[in-house]
Amino acid sequence: MKSLIQSLAIASLVAAFFTNCQNNPAPDADATTVDSTAAFEPGVEGYWVNKAWWETLNSTKSPRKAAEKLGVAAVVVSKDSTGEWQAVVNYAFHEGMNYKLKATEGGNYALLNTDSGERAHEFLFKADKTVFLDSFQMTRLGDGQMDDTDMFSGIVSGAYTLKGKTGGDVSFYSNGTVSGLEGYEGYDVQFDYIEDAVGADEIMLIKPGGEERDFYIFEIKDKQLLLSPSEEVTDKDGITRYKKGKVKYALTKK
């Protein structure tokens with residue numbers, strides 16, 4: 001499973017990517033409940049995500065559609081091994097950067113480059129209880145120990161019956177494991193669509209040992225979860241492309 005803190009990248013590349021991202025304003029909804037006058041630790045610590053992305057993900061169950069709302073994807077604020085506060089910023093679930101966190105006036109926080117000390121971003125805690133990272137409205141999902149698994153599991157997790165198999169019970173668990181799908185022990189829903197080779201929502205099914213993974217396209221239709229293999233196709237020019245194969249697993253949620 002991909003960990004947010006493991007996705008650190010070169011600062012210059014991240015900065016260039018972020019500059020080219022277009023922010024999509026969050027849809028109208030209840031404001032994030034955060035006390036802008038709170039002390040340092042409870043005021044900003046936690047796992048924050050782009051609110052527009054989060055709301056789209058929950059309404060569509062499609063990470064690919066939700067990715068259209070991304071620029072800054074998520075921010076994890078926690079203490080590092082030395083006890084200093086840090087903010088790990090994830091850009092479109094594709095690249096990340098680690099910053100130092102510094103409290104500023106008005107209950108806000110500056111994110112400083114770890115090498116130069118220059119300000120890269122700012123957490124803004126508004127009087128109306130909304131929270132922004134620069135121009136991206138954010139919402140807090142959990143504490144600083146949360147990771148991507150806690151988010152993607154909510155898309156497909158649950159108990160299913162497998163079509164065409166007697167006693168075909170399949171369960172996708174919130175910890176990223178799966179039972180009942182022969183040959184697989186885990187799963188990983190894809191959030192990164194910077195390179196969208198298939199043009200569909202993808203999930204990796206993980207074989208025992210965790211080293212080998214198969215890519216599937218997933219579709220959620222009412223109570224059905226349909227899994228189709230992502231197949232390689234080589235065209236006449238020798239270019240490899242990917243397409244959706246026939247449905248291999250048709251699962252109905254219990």
Asker: Using side-chain heavy atoms (C-beta onward) and a distance below 4.5 Å, is Leu101 in contact with Leu111?
Answerer: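 Counting from C-beta outward, Leu101 and Leu111 do come under 4.5 Å.
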
Asker: Out of curiosity, Gln224 CD to Glu219 CD, how far, rounded to the nearest 0.5 Å?
Answerer: 10.0 Å

Asker: For the NZ atom on Lys100, are there more than 12 heavy atoms of other groups (residues, nucleotides or ligands in this structure) within a distance under 6.0 Å?
Answerer: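 Result for NZ/Lys100: open.
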
Asker: Ring centroid separation for Phe125 and Tyr109, is it under 6.0 angstrom?
Answerer: yes

Asker: Just verifying a value: how many Å separate Arg119 CZ and Lys102 NZ, rounded to the nearest 0.5 Å?
Answerer: 7.5 Å

Asker: Can you tell me how far the NZ atom of Lys65 sits from the OG1 atom of Thr60, to the nearest 0.5 Å?
Answerer: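 Answer for the NZ-OG1 pair, Lys65 versus Thr60, is 6.0 Å.
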
Asker: Shortest non-hydrogen contact from His94 to Asp192?
Answerer: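 Heavy atoms only, the tightest pair is ND1-OD2, 2.7 Å.
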
Asker: Measure the spacing between NZ of Lys243 and OG of Ser230 and express it to the nearest 0.5 Å.
Answerer: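 Result: 11.0 Å between the selected atoms.
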
Asker: Hey, are the side chains of Asp134 and Val72 touching, using non-hydrogen atoms and a 4.5 Å cut-off?
Answerer: no

Asker: Does Val44 share a hydrophobic cluster with Phe132, counting links as ILVMFWY side-chain heavy atoms below 4.5 Å and allowing steps through other members?
Answerer: no

Asker: Which distance, rounded to the nearest 0.5 Å, do you find between the CD1 of Ile203 and the CZ of Phe215?
Answerer: 11.0 Å

Asker: Measuring only between side-chain heavy atoms, which start at C-beta, is Trp53 closer than 4.5 Å to Phe93?
Answerer: yes

Asker: Where the side chain of Asp169 meets the backbone of Ser171, is there a donor-acceptor pair that is under 3.5 Å apart?
Answerer: no

Asker: Over all heavy atoms of both residues, which pair between Tyr193 and Ala200 is shortest? Give the atoms and the distance, please.
Answerer: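 Where Tyr193 meets Ala200 most closely, the heavy atoms are CE2-O, 3.4 Å.
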
Asker: Do Tyr249 and Tyr184 have side-chain N/O donor and acceptor atoms under 3.5 Å apart?
Answerer: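 There is no such pair (donor and acceptor under 3.5 Å, judged by atom type) between the side chains of Tyr249 and Tyr184.
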
Asker: Roughly how far apart are Tyr187 OH and Ile155 CD1, rounded to 0.5 Å?
Answerer: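 Rounded to the nearest 0.5 Å, the OH-CD1 separation comes out at 9.0 Å.
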
Asker: Under 4.0 Å between a side-chain nitrogen and a carboxylate oxygen: does that hold for Lys61 and Asp201?
Answerer: no

Asker: Compute the ring centroids of Phe123 and Trp48, then answer whether they are less than 6.0 Å apart.
Answerer: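 Judged by ring-centre distance (under 6.0 Å), Phe123 and Trp48 do meet the cut-off.
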
Asker: Closest heavy-atom contact between Ile194 and Ala92?
Answerer: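 Looking at all heavy atoms of both residues, the shortest contact is CD1-CB, 3.9 Å.
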
Asker: Using atom types as modelled and distance alone, determine if a side-chain donor or acceptor of Arg64 lies under 3.5 Å from a backbone N or O of Gln190.
Answerer: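 The answer is no, because no donor-acceptor pair under 3.5 Å joins these two groups.
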
